[in-house]
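Since the structure comes first, as structure tokens, the remarks are kept for the end.
Counting starts at 1 for both ligands and their atoms, following the listed order. Heavy-atom basis, side chains included; hydrogens, waters and symmetry copies ignored.
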Amino acid sequence: MIQQDIALARPAELAIIVPTFNEAANLELLVDLVDKAIPHIRWELVFVDDDSPDGTAELARTIAKRDSRIRVLRRHNRRGLSTACVEGILATAADYVAVMDSDLQHDERILGLMLDRLKRGDVDLVVGSRYVEGGCVGEWSKGRAAGSMLATRIALKLTRTPISDPMSGFFMIRRDAFMRSLPYLSSMGFKILLDIAASAPQPIKVAEVPYTFRCRQHGESKLNSLVLWEYFELLLDKAIGKYVPVRFLSFALVGGFGLLVHFAVLTTLFVGLGASFGLSQTAATVIAISNNFFLNNMLTYRDQRLRGRALLWGWITFNLVCATGAAANIGVAEWLFGRHTYWVFSAVAGVLVSVVWNYAMSSLFTWRRK
Ligand code: GDD
Ligand code: MN
């Protein structure tokens, strides 16, 4: 292209953000399909890849070398669908942005309709909603279907706007509307659409375009039970994150679960097997602390998960932190009790002090940010 052509080439009006993780087999197909679907639109497509081991980013770069509409944003040492979408959107200048999965499950043929709908100017957001007939829904158990219904209901409360498919990962939004939500985004987990709608200072105006959800042909889904936990955290953050950090809530929840573990072990040993109280209580304490350590490492601090030798060292520091936390707990409770505080309140205060202490100290010594 000669200089003048480059200067005259008009920039894209639609940016399509496509998060990828291990999707090499789908990239070429996706670009082809998008190319065929919206020939009349000036678009660009940004793959946001988190260093996929299968070489997705290199392949995307190869495509980008022959097609200037394709770009790659490769992130290093990062994971996360929501943050990938946000950073992809921020890396473009287009007035309209779409977010779409790379696995061909979202129907690219409605992109044109979505853009037309947005351009009418009366809505900020167009959601591609899965309508079931003929589509790929997979086999849902009763429990999962009920869970999904409940999750959708809560989601609707938070978005304050009727969206029939608030969990959808396929949507198009005006940039100015996105920018209004940006400062309030939680950016946790998978549900970026829900996050954007729930973070809007004014309820966002939404239209929907139905499409048939296709089955994945290549590669595998990244949705696992951790994604459910992340969804739960996103809801918590949207509901009360303003007042209490979600990490702390997660830490406290794990601690609560640890208490159950403690009593399960204690009862088994002391009541069930007739071991001495001292031995049973010691075993219960050690197991409960280890339980809390591993759960926090998996859930609360999954973004900084310790492995190998760091795991052992983390376990040691966590034990020390909890031991000092227990001392603080007993100290505070006794001090209050000695000043005629009702025994239950004294105990609760002691527990609270130790939770806050353990949280603060383990974030300094066990899961220290590098
Ligand atoms: N960059 C990046 N980082 N991309 C990711 C990550 C990540 O950590 N995890 C997943 N992706 C990409 C996948 O490569 C894929 O392109 C897209 O995000 C969706 O992942 P899937 O693993 O295919 O998810 P799904 O099909 O189970 O869930 C989809 O459908 C749900 C229901 O409509 C997603 O669109 C969800 O957001 C949606 O709720
Ligand atoms: Mn998928």
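A salt bridge is absent between Glu230 and Lys191: the closest approach of a Lys/Arg side-chain nitrogen to an acidic carboxylate oxygen does not fall below 4.0 angstrom. Under the 4.0 Å criterion applied to side-chain N and carboxylate O atoms, Arg74 and Asp51 are assigned as salt-bridge partners.
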Between side-chain atoms of residues 28-39 and protein atoms elsewhere (two or more places apart, or another chain), which donor-acceptor pairs fall under 3.5 Å?
unit_1 : atom_1 : unit_2 : atom_2 : d
Glu28  : OE1    : Arg66  : NH2    : 2.9
Asp35  : OD1    : Arg69  : NH1    : 3.1
Asp35  : OD1    : Arg69  : NH2    : 3.3

Sequence neighbours left out, cut at 3.5 Å: what donor-acceptor pairs do the side chains of residues 92-102 make with other protein atoms?
unit_1 : atom_1 : unit_2 : atom_2 : d
Thr92  : OG1    : Ile89  : O      : 3.0
Thr92  : OG1    : Arg175 : NH2    : 2.6

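Judged purely by atom type and a 3.5 angstrom limit, Arg214 uses its side chain to pair as donor or acceptor with the backbone of Leu104.
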N/O pairs closer than 3.5 Å, ligand 1 and protein:
unit_1   : atom_1 : unit_2 : atom_2 : d
ligand 1 : 1 (N)  : Thr20  : O      : 3.2
ligand 1 : 1 (N)  : Val48  : O      : 3.0
ligand 1 : 1 (N)  : Asp50  : OD2    : 3.4
ligand 1 : 3 (N)  : Asp50  : OD2    : 2.7
ligand 1 : 4 (N)  : Thr20  : N      : 3.4
ligand 1 : 4 (N)  : Thr20  : O      : 3.3
ligand 1 : 8 (O)  : Arg79  : NE     : 2.6
ligand 1 : 8 (O)  : Arg79  : NH2    : 3.3
ligand 1 : 8 (O)  : Gly80  : N      : 2.9
ligand 1 : 14 (O) : Phe21  : N      : 2.9
ligand 1 : 14 (O) : Glu23  : OE2    : 2.6
ligand 1 : 16 (O) : Pro19  : O      : 2.9
ligand 1 : 16 (O) : Ser102 : N      : 3.0
ligand 1 : 16 (O) : Ser102 : OG     : 2.7
ligand 1 : 22 (O) : Ser221 : OG     : 3.4
ligand 1 : 22 (O) : Lys222 : N      : 2.5
ligand 1 : 23 (O) : Asp103 : OD2    : 2.7
ligand 1 : 23 (O) : Arg216 : NH2    : 2.8
ligand 1 : 26 (O) : Gln105 : OE1    : 2.9
ligand 1 : 27 (O) : Ser221 : OG     : 2.9
ligand 1 : 33 (O) : Arg130 : NH1    : 2.9
ligand 1 : 35 (O) : Asp101 : OD1    : 3.2
ligand 1 : 35 (O) : Asp101 : OD2    : 2.6
ligand 1 : 39 (O) : Met167 : O      : 2.5
ligand 1 : 39 (O) : Lys191 : NZ     : 2.5

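Listed by chain and residue number, Trp367 satisfy the ring pair (Phe, Tyr, Trp, His ring centres under 6.0 Å) test with Tyr301 (two or more places apart in sequence, or in another chain).
Here the Mn ion (ligand 2) is the vertex; the OD2 atom in Asp103 and the OE1 atom in Gln105 give an angle of 90° (to 10°).
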